[in-house]
Amino acid sequence: MDYNPQELEQRWRERWAETGRYEADPGDADSEEPTFITVPYPYPSGGMHIGHARTYTVPDVYARYRRQRGDNVLFPIAWHVTGTPIIGAVERLKKGEEKQLSVLRDTYNVPEETLQDLETPMGFARYFIDEHYKRGMKSLGLSIDWRREFTTNDERYSKFITWQYETLRERGLLEKGLHPVKYCTNERQPVTTHDLLEGEEAEFQEYTLVRFTFERDGETVVAPMATLRPETVYGVTNAYVNPESEYAVAEVDGEMWFVSVDAVEKLRLQAREVEIREEFAGERLVGERVTNPITGDEVPVLPATFVDADNATGVVMSVPAHSPDDYVALLEAKADAERMETYGVDPADVEAIDPVPILEIDEYGEIPARDAVEERGIDSSDDPRLKEATKEVYNREFHAGRLLDVYGEYAGEVVEDVRDRFRADYSESGAFDSMYEFSEEVVCRCGGDVEVAEQETWFLRYDDEAWKAKAHEVVSRMDAVPENTRGEYDHTIDWLNEWPCIRNYGLGTRLPWDPDFVIEPLSDSTIYMAYYTVAHRLRDVPVEELTREFFDTLFYGPEAVDEPDETALELREEWDYWYPVDYRFSANDLISNHLTFYLFHHAELFPEPKWPQGIVIMGMGLLEGRKMSSSKGHVVLPGEAIETYGADTVRFFLLNSAEPWQDYDWRDDQVGSVRDQLERFWNRAQEIIRTPEGERELAHVDRWLLSKLQTTVREVTEAMERSETRSASQEAFYGFEEHLRWYRRRADLDRPGARWTMRKVLETRLRLLAPFVPFVTNELHEQLTGTPAEDAPWPEPDAEFENVRVEVEERQVERLTGDVRDIVDVTDTDPEVIRVYVAADWKREVFDAVVEEGPDVGAVMGTVMQDPDLRERGDEVNRLVQDLVDVARGRDDETLAAMAETDETAVYEGATDFLEREFDADVELYVEGEEAYDPADRAKNAVPFRPAIHIE
RNA sequence: GCGAGGGUGGCUGAGCCAGGCCAAAAGCGGCGGGCUUAAGACCCGCUCCCGUAGGGGUCCAUGGGUUCGAAUCCCAUCCCUCGCACCA
C-alpha cells in the first residue's frame with residue numbers, strides 16, 4: 001500500500017466529522033479529568049496562512065496528547081470580528097482599491113463571483129471563516145469541538161460582554177475620562193492606523209506647556225512654550241517665535257494665550273474652549289520680554305524661522321546650554337545683528353545671553369550643547385550632524401544628567417527619575433499645562449490632515465493598585481511556559497495604565513449604557529474562554545433571557561441572585577466542569593496586552609480556582625527566512641501546503657522544526673524532506689504490518705532495541721509535559737530512527753524475535769507520534785492492531801524491557817565497530833583478518849577498583865597498590881588508573897555497575913559474525929596474555945572496554 | 001533608551017539552566033558507494049585540518065576571568081531579533 005496522504009487524510013477527516021470524535025461533554029472520559037485548552041480566536045480580516053496553522057496546531061498536539069493520557073479534553077474555537085479591521089477591509093474592497101483586490105484575488109484566491117458577498121462586514125468575515133480558517137483547521141485535523149464556535153458579533157455573545165462590562169462598572173473598574181485619539185480634520189471623525197496614508201508610525205507625544213507670561217494692553221497673556229523637556233525650564237535664556245508665521249491671541253478656557261493660528265484648532269480638538277481675539281504675524285511678539293513662571297526671570301523673545309508654527313503651540317523656549325539646536329541658533333542670532341535690528345531687537349541684548357547650565361553630566365563640560373556642537377565642528381543650523389548631536393545630548397542627559405542645586409528638592413536627581421514628578425508638581429501648581437502632538441506628520445487616506453483630538457471615553461482602570469495586586473497573584477500561581485516569560489507578565493501588569501476600552505465604531509458589543517460606542521477588540525476578548533463552556537447550549541436560550549441575573553447565576557451560583565434561572569444553573573454545571581483553562585497557547589507579542597488583560601479580568605471576575613492555570617507562549621513564523629506578509633503575497637496557504645505535502649507533513653514540520661516558543665522558518669526544501677521521511681516511515685511500517693507477527697524469542701539486539709524504546713517513551717513523555725513538541729517529536733521520530741539504523745545493521749530481521757520486536761516498536765512509536773501526525777499514525781495503528789492510535793493509551797515505560805547492561809554491551813559492539821572502521825579508513829586497507837584483544841584480567845581488577853572507589857585517582861591507587869601483583873606493575877598501573885578514571889567520570893552509578901558485570905569477551909564473541917559481515921574479513925578474538933596470537937604486539941594496548949585491535 | 005530573547009561547523013538548528021562521555025545531535029546541502037537500462041526515490045558510508053592504527057591540532061560572536069578542566073559559569077564589548085500601547 002503506497003503512501004497517499006491526501007486520500008487517507010480525507011478518510012480520517014470524514015470519520016472524525018461523522019462520529020463527532022472531538023465533541024467533548026462532561027463525563028466523557030473515564031478518568032473524569034477535564035483538560036481545557038484554548039488559543040486566541042482568529043481574526044478573519046483576511047485568509048489563513050501557514051503561520052496561523054502552527055498557532056492552532058501546537059495546542060492541538062497538546063490536546064491530543066492529554067486525550068491519550070486519558071483526560072477529557074476540550075479544545076474549542078471561535079471567531080473574533082470586533083472592531084474596525086474587517087470594516088476597513090470591506091471599505092477598501094468597495095472602493096475597488098487595487099492593493100486590496102489583489103490580496104483577495106491573488107493571495108487568498110477569492111473567486112471573482114464571490115467578491116460581492118464580501119461587501120458586508122459579516123459577509124467578509126464569514127467568507128474567511130468558512131473558506132479559510134474552518135476549512136484549514138479541519139484539513140489540518142485539529143481536534144476541535146465545532147459545536148461551540150461563535151463570533152464576537154453574535155447577539156448572545158454581546159449579552160455576555162454586556163454582563164462583563166456592567167459588572168466591572170459596578171465594581172468601579174471602569175471610568176470615564178478624556179483620551180487622545182487620531183482625528184481626521186477633513187472627515188471630522190476619529191481614524192485608525194489602517195485609515196492612514198502617512199504617519200502610521202506616529203506616536204502621541206505629550207508636550208509640556210511652560211506658561212510664560214507677558215503683559216499686553218494691561219492684560220496678562222500666557223505664552224505657552226511647548227517642550228518635551230520640562231525640567232530644562234531653569235536654563236531658559238530666551239524664547240523663539242517664527243516671525244513669518246501666523247499667530248493669534250486667543251481666549252483659551254477663559255484666559256488669554258499667545259499661540260500660532262495652527263495651534264488654535266489643535267487646542268480646540270483637545271477639548272479646550274478657544275476663541276481668537278486677534279491674529280497677526282509672529283514678528284509682532286519679537287522683542288517682547290516674557291516671564292518664566294518658575295524662576296520669575298524675564299527673557300526676550302527672538303525671531304527664528306526654524307520654529308514650526310504647525311508643531312504644538314508654535315512658541316518655544318530656548319535652552320542653549322543643553323540643546324545643540326538652541327545653542328547654534330543663539331550663535332547665529334549673535335552673529336546677525338542686522339537681522340535682529342530689523343525685528344526691533346537690540347543686538348546688545350542678544351549678545352548678553354549666555355547659556356545657563358542646569359545639570360551636570362560626566363561626558364561633557366559645563367555646557368554640554370556647546371561641547372557636542374564643537375566636537376563635531378558644527379557651525380550652522382543647516383548642518384545635518386546637528387540632529388545627531390541633539391539626539392546624543394538628549395539621550396545622555398536623560399539617563400545620566402543630574403540636576404543642579406537651583407532645583408531645590410529635585411537637585412542631584414537624574415532627569416530620567418525626576419522628570420515626571422517635576423512635571424506633575426508644576427502642573428498642579430499651575431505653572432505647566434500640556435497638549436498632545438504627533439511625533440511626525442499624519443495624513444488620512446482621504447488626504448485630510450490628522451490631528452490629536454481628546455475625546456471623552458471609558459477606561460478600564462488597569463492602574464488600580466488592588467487590581468494589579470490580584471493580577472500579580474494570578475501570575476504567581478500559574479505555569480508560565482517558557483518560564484522566562486513570567487517576569488514579562490509582572491512587568492506588563494506594573495506598566496499598564498488606564499486602557500480606553502471603547503471606540504466610536506466597529507463590529508462588536510455596544511457599551512451597555514451608551515450605545516454610541518462599541519467595546520474594542522482587546523477588551524471584549526478577556527474572559528470569552530468561559531463562554532466556550534456553554535456556547536453550544538446557550539443557543540437554545542432566548543436572547544432576552546440572557547440578563548445580568550442569568551450570567552450572575554451561571555458564574556456565581558444560585559446564591560448570587562434572588563431567583564436563579566433553572567437553565568443558568570444547568571449551564572453552570574458544565575462551566576464548573578471545564579473551567580479553569582488549563583493552558584492557553586498564544587503568541588509572544590500578546591503578552592503586553594491581550595494575555596495580561598486576560599489575567600486581569602480573570603483575577604477580578606472569577607474566584608481563584610477558576611484562574612488561568614498556564615500560558616504557553618509561541619514564537620513567530622518566517623517564510624524562507626523572511627517575514628510573511630499577505631499584502632506582498634509572501635505567504636503559504638495551509639490548503640496549498642496540505643495539497644502538496646499532506647496535512648501530517650505540514651503538522652510535523654511545524655511542530656518539529658522548533659519548540660513552540662521559538663521562531664520557526666517555513667522552508668520548502670525542509671518540508672519536502674519531512675514528507676519523504678514520513679513516506680519512508682510509512683513504507684517500513686507497511687513491511688512490518690504485512691510480515692507475520694513473530695514470537696517473543698528475544699536476541700541480544702532485540703533486548704537492546706526494546707530497552708532504547710523505554711528510554712524514548714520516558715523522554716518523549718517528559719518533553720510533552722514541558723510542552724516541548726520539538727524535542728518530543730524529534731526523539732520519537734528521528735532519534736529512534738537512529739537506533740533502528742543500527743538495529744537493522746546488527747540484527748537478522750527474519751527471526752521471529754526480530755519481527756516481534758519490530759511490531760512492538762512500531763506500535764509504541766505510533767502512539768508516541770499520534771499527537772503530531774494523527775492521520776498516518778491512526779491509519780497504521782489500525783492496520784496493525786485494529787484500533788486507531790488516538791484511541792490507544794499513551795505508552796508508559798515498561799521496566800521489564802529496561803536493561804542497562806544490554807545497552808552497555810551493545811555500546812561496546814558499536815564502539816568496536818567504529819574503531820575498526822576508523823583504522824580501516826585511515827590505513828586505507830581492505831582487511832583480511834581483524835584481531836581483537838580483550839584486556840588482561842589484572843587490568844579488569846583495576847577497573848573494578850575504579851568502580852568501587854569512584855573517579856579519584858589517589859583513592860584508587862591506594863586500593864590497587866594493596867595488591868602485590870599490581871604493585872609490581874607500578875607505572876603501568878598508574879597510567880591505567882588515569883585512563884580508567886576518565887572512563888568512569890561522567891558515567892552514572894547504574895551504568896558503571898552494569899559495566900562491572902559485563903563480560904567483554906562474551907560480548908565480542910557474540911558480535912563476531914556481525915563484524916565479519918561488516919568488514920568482510922575473518923575476526924579472531926583473544927584475551928591479552930592468554931596465548932594470544934599477536935604478530936604486531938598490539939595486545940598490550942588493550943584497556944577494559946577498549947580492546948586492542950590489529951588488522952591485516 | 002526601556003523590557004525580553006539570541007549570536008554554535010556550508011545552511012537550519014540541538015547542546016548551555018545542573019562544567020568533564022562535545023569535533024559538538026538531527027535535518028538540509030555536498031561527496032562517494034549500492035540498487036537501477038538510466039534518472040528520481042530508496043539504502044549504506046563520508047562531510048573542520050593533519051595523519052598508512054582507533055590519534056593529534058584548531059574550534060562554539062570578541063576580549064578577559066573562575067576552574068585540574070569552559071560551547072556551557074562570571075565580567076566587559078560588539079552585533080542581531082522582538083515588544084514598548086489604544087493596532088488586532
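Look at CG on Asn941(A): it is 12 Å from P on G55(B), rounded to the nearest Å.
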List every contact pair, protein side and nucleotides 2-10 of chain B side both N or O, where the distance is under 3.5 Å.
unit_1: A4(B); atom_1: O2'; unit_2: Glu488(A); atom_2: OE2; d: 3.3

Can you tabulate the close N/O pairs, meaning under 3.5 Å, that link protein atoms to atoms of nucleotides 11-13 of chain B?
unit_1: C11(B); atom_1: O2'; unit_2: Arg667(A); atom_2: NH1; d: 3.3
unit_1: U12(B); atom_1: O4'; unit_2: Arg667(A); atom_2: NH1; d: 3.3
unit_1: G13(B); atom_1: O2'; unit_2: Arg726(A); atom_2: NH2; d: 2.9

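A heavy-atom distance below 4.5 Å is not found between the side chains of Asp665(A) and Ser657(A). Counting heavy atoms from C-beta on, the side chains of Pro42(A) and Met48(A) never come closer than 4.5 Å.
Backbone-only contact: Glu738(A) has heavy atoms under 4.0 Å from sugar-phosphate atoms and none from a base. Nucleic acid contact for Asn683(A): none, since no nucleic acid atom lies under 4.0 Å from a heavy atom of the residue. Within the nucleic acid shown, Arg938(A) comes within 4.0 Å of at least one base atom, counting heavy atoms only. Within the nucleic acid shown, His594(A) has no heavy atom closer than 4.0 Å to any nucleic acid atom. At a threshold of 4.0 angstrom between heavy atoms, the contacts of Arg684(A) are confined to the sugar-phosphate backbone, with no base atom among them. At a threshold of 4.0 angstrom between heavy atoms, the contacts of Asp822(A) are confined to the sugar-phosphate backbone, with no base atom among them. Nucleic acid contact class of Pro500(A) (heavy atoms, under 4.0 Å, all strands): base. Counting any heavy atom pair closer than 4.0 Å across all strands shown, Ile591(A) reaches no nucleic acid atom.
Arg675(A) forms no cation-pi arrangement with Tyr645(A), by the criterion of a distance under 6.0 Å to the ring centre and an angle within 45° of the ring axis. Taking the centre and axis of the six-membered ring of Tyr394(A), the NZ or CZ atom of Arg229(A) falls inside the cone set by 45° and 6.0 Å.
Between Glu687(A) and Arg684(A) there is no salt bridge, since no side-chain N of the basic residue sits under 4.0 Å from a carboxylate O of the acidic one. By the 4.0 Å N-to-carboxylate-O rule, Arg835(A) lies close enough to Glu924(A) to be salt-bridged with it. Using a 4.0 Å cut-off between a side-chain N of Lys or Arg and a carboxylate O of Asp or Glu, Arg765(A) and Glu731(A) do not qualify as a salt bridge.
Across all strands shown, C11(B) is found opposite G27(B) as a Watson-Crick or G-U wobble partner, with both distances under 3.5 Å. Taking a pair to require two hydrogen-bonding distances under 3.5 Å in either a Watson-Crick or a G-U wobble arrangement, A18(B) remains unpaired. Pairing for U67(B) is absent, with no Watson-Crick or G-U wobble pair whose two atom distances lie under 3.5 Å. Base pairing of U81(B) is made with A4(B), judged by Watson-Crick or G-U wobble geometry with both donor-acceptor distances under 3.5 Å. Across all strands shown, C42(B) pairs with G34(B); the Watson-Crick or G-U wobble distances both stay below 3.5 Å. Nucleotide U52(B) forms no Watson-Crick or G-U wobble pair with any nucleotide shown, as no partner meets the under 3.5 Å limit on both distances.
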Item checked: Candidate pair Val773(A) and Leu678(A), rule side-chain contact (heavy atoms from CB on, under 4.5 Å), full reasoning -> CA-CA 9 Å; Val773(A) 284; Leu678(A) 285 181; 4.3 Å; yes
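Sequence order on RNA chain B of the closest nucleotides to Val820(A) and Pro180(A) puts Val820(A) first from the 5' end. Positionally, the nearest nucleotide of RNA chain B for Pro947(A) lies more toward the 5' end than for the other of Pro947(A) and Tyr43(A).
Listed candidates were C44(B), G54(B), C84(B). Nearest to the side chain of Ile823(A) is G54(B). Distance from the side chain of Ser592(A) is smallest for G83(B) among the nucleotides G83(B), A88(B), A53(B). Which of G55(B), G27(B), C87(B) sits closest to the side chain of Pro85(A) comes down to C87(B).
Remark: side-chain polar atoms of Glu231(A) are not paired, donor with acceptor, to backbone N or O of Val415(A) under 3.5 angstrom.
For Arg946(A), a side-chain nitrogen or oxygen approaches OP1 or OP2 of G55(B) to under 4.0 Å. Checking the phosphate oxygens (OP1, OP2) of A88(B), a side-chain nitrogen or oxygen of Thr84(A) falls inside 4.0 Å. Contact between the side-chain N/O atoms of Arg745(A) and the OP1/OP2 oxygens of G45(B) is found at a separation under 4.0 Å.
Side chains of Ser729(A) and Asn656(A): a donor on one and an acceptor on the other come within 3.5 Å.
For Phe733(A) and Phe681(A), the gap between ring centers is short of 6.0 Å.
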